Amino acid sequence: MNATHYVTTNTYRDLHSDPMVELTIFDLDTDEIILDESYVLPEGTDLHNDDAVEAGIREILDEQGYTEVDDDSPRGDLRVAAK
């Protein structure tokens with residue numbers, strides 16, 4: 001199995017009012033930043049709807065080659081591994 005990483009997110013609207021998410025993926029063991037990029041969430045994503053935001057984040061992670069994994073780590077709400 002590929003190494004597990006943890007993800008932090010920050011959602012916001014850009015100057016054009018597009019819903020955005022800043023994703024930072026950290027190595028679980030070393031805390032090294034693996035990815036730190038901002039992405040436009042799918043059109044129409046309501047930033048006040050947690051389920052819609054989470055679905056958009058999972059879609060972006062999938063497009064970037066990551067899949068969500070379950071593990072018992074105390075850090076990060078979302079854990080992923082490279083596909």
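Predicted, not measured: the structure shown is a model, and the values here were computed from it. We count residues from 1, following the sequence as given.
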Rounding to 0.5 Å, atoms CZ (Arg13) and CG (Asp18) come to a distance of 8.0 Å
Problem set entry | Leu61 side chain near Leu78 side chain, heavy-atom distance below 4.5 Å | yes
- Item | Min side-chain heavy-atom separation Gln64-Tyr39 under 4.5 Å | yes
What one should report as the nearest heavy-atom pair of Ser38 and Tyr12 is OG-OH, 3.0 Å
Are Leu28 and Ile33 grouped together when hydrophobic residues (ILVMFWY) are joined by side-chain heavy atoms under 4.5 angstrom apart?
-> yes
When rounded to the nearest 0.5 Å, the distance separating CG of Asn49 from CD of Glu54 is 9.0 Å
CG (Leu23) and CD1 (Ile60) are apart, to the nearest 0.5 Å, by 6.0 Å
In short, Gly56 meets Pro42 closest at the heavy-atom pair CA-CD, 3.8 Å
One should read off an interatomic distance between Asp14 CG and Met20 CE, to the nearest 0.5 angstrom, of 5.0 Å
>> Between Tyr6 and Asp31, is there a side-chain heavy-atom distance shorter than 4.5 Å?
In response: yes
d(Thr8 OG1, Phe26 CZ) to nearest 0.5 Å is 4.5 Å
Distance col, row Arg79:CZ vs His5:NE2, nearest 0.5 angstrom, shows 13.0 Å
* Would you mind reporting whether Ile57 and Leu41 have side-chain heavy atoms less than 4.5 Å apart? => yes
Closest heavy-atom pair, Thr4 versus Val69, reported as atoms and distance to 0.1 Å, is CG2-CG2, 3.8 Å
Worksheet item: Is there side-chain contact between His48 and Val53, with at least one heavy-atom pair below 4.5 Å?
Response: no
